[in-house]
Amino acid sequence: MKKCFCILFVCCTLFYALQAKENNSFLVKVTAREKAQIVEGDSAIFSVWLYSTYPMGDIQCDNPTIKINHCHVRLAQKGNPRNQKITIVNNKKYYCLLWGQYIVGGSRRGSYTFPSMTFSINQYIEQEDSLDPFDPFGFFRQPTYKKIPCKATSDGLKFTIIPEPQKTTQELLQSGKTVI
């Protein structure tokens with residue numbers, strides 16, 4: 001009886017572990033070009049990347065407008081869904097797409113968070129077709145695709161706005177500003 005429960009427990013654990021590995025077929029990441037520190041009055045570029053194990057289509061963002069308290073946010077570039085490239089992340093091949101780049105800046109010191117974004121896509125998986133007897137080499141074959149809906153949410157990216165560093169007198173004189 002105990003052996004039966006142990007075997008059942010191991011099988012359930014393996015099933016959930018395999019299911020968890022399959023869930024990473026679609027990822028959303030937010031990255032920043034600069035460090036996670038922005039000088040007061042300056043700005044930084046935040047990029048939203050979509051990664052999928054299969055080609056993506058029908059991409060929808062649940063919260064496309066980004067608002068951060070005491071910061072100004074502007075969409076600098078919106079990506080084109082047709083510009084998917086293949087990249088390798090953690091020894092796994094992904095189709096990669098730049099969803100958009102946001103310019104974020106602020107004039108108040110403090111710690112802020114770039115909010116998480118939720119995306120819904122369809123992954124297109126090419127299906128095997130039977131051979132056509134009149135086209136044995138498949139020159140005129142049109143591929144058929146199966147759509148698999150996926151949904152993923154990015155993590156919020158934390159950043160801080162720091163005060164502008166003090167300049168020496170020599171740096172002020174070289175900048176051309178008047179020094180009293």
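Throughout, residue positions are numbered sequentially from 1 according to the sequence presented.
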Is the shortest side-chain heavy-atom distance between [X] and [Y] below 4.5 Å?
X    : Y    : value
I86  : Y95  : yes
V104 : F159 : yes
V48  : S154 : no
V39  : P165 : yes
T31  : W49  : yes
T53  : K93  : no

Nearest heavy atoms of [X] and [Y], plus distance in Å:
X    : Y    : result
F119 : C61  : CE2-CB, 3.6 Å
E40  : P163 : OE1-CA, 3.6 Å
I59  : L50  : CG2-CD1, 3.9 Å
L75  : G100 : CD1-CA, 4.4 Å
S120 : D62  : OG-OD1, 4.1 Å
C71  : I161 : SG-CD1, 3.9 Å

Heavy atoms of other groups near [X] [atom1], more than 12 under 6.0 Å:
X    : atom1 : answer
D155 : CG    : no
Y112 : OH    : yes
Q60  : CD    : no

Mark yes or no: K29 above the aromatic ring of Y51, with NZ or CZ under 6.0 Å from the six-membered ring centre and no more than 45 degrees from the axis.
yes
Tell me yes or no: between the side chains of T153 and T118, is some donor less than 3.5 Å from an acceptor?
yes
Between Q127 and T144, is there a side-chain donor-acceptor contact under 3.5 Å, judged purely by atom types and distance?
no
When rounded to the nearest 0.5 angstrom, what is the spacing between [atom1] in [X] and [atom2] in [Y]?
X    : Y    : atom1 : atom2 : value
Q37  : T160 : CD    : OG1   : 4.5 Å
M117 : L157 : CE    : CG    : 12.5 Å
T168 : Q174 : OG1   : CD    : 7.5 Å

Is there a path of hydrophobic side-chain contacts, each under 4.5 Å between heavy atoms of I/L/V/M/F/W/Y residues, joining [Y] to [X]?
X    : Y   : result
W99  : M56 : yes
L97  : Y54 : no
I162 : I38 : no

Checking side-chain hydrogen bond (donor to acceptor under 3.5 Å, both in side chains) for the pair Y124/D58: CA distance, chi angles, key distance, verdict?
CA-CA 10 Å; Y124 288 94; D58 306 327; 2.8 Å; yes
Aromatic ring centroids of F46 and Y102 under 6.0 Å?
no
What's the verdict on side-chain hydrogen bond (donor to acceptor under 3.5 Å, both in side chains) for S52 and Q123, showing C-alpha distance, side-chain angles and the deciding distance?
CA-CA 8 Å; S52 174; Q123 291 180 335; 2.8 Å; yes
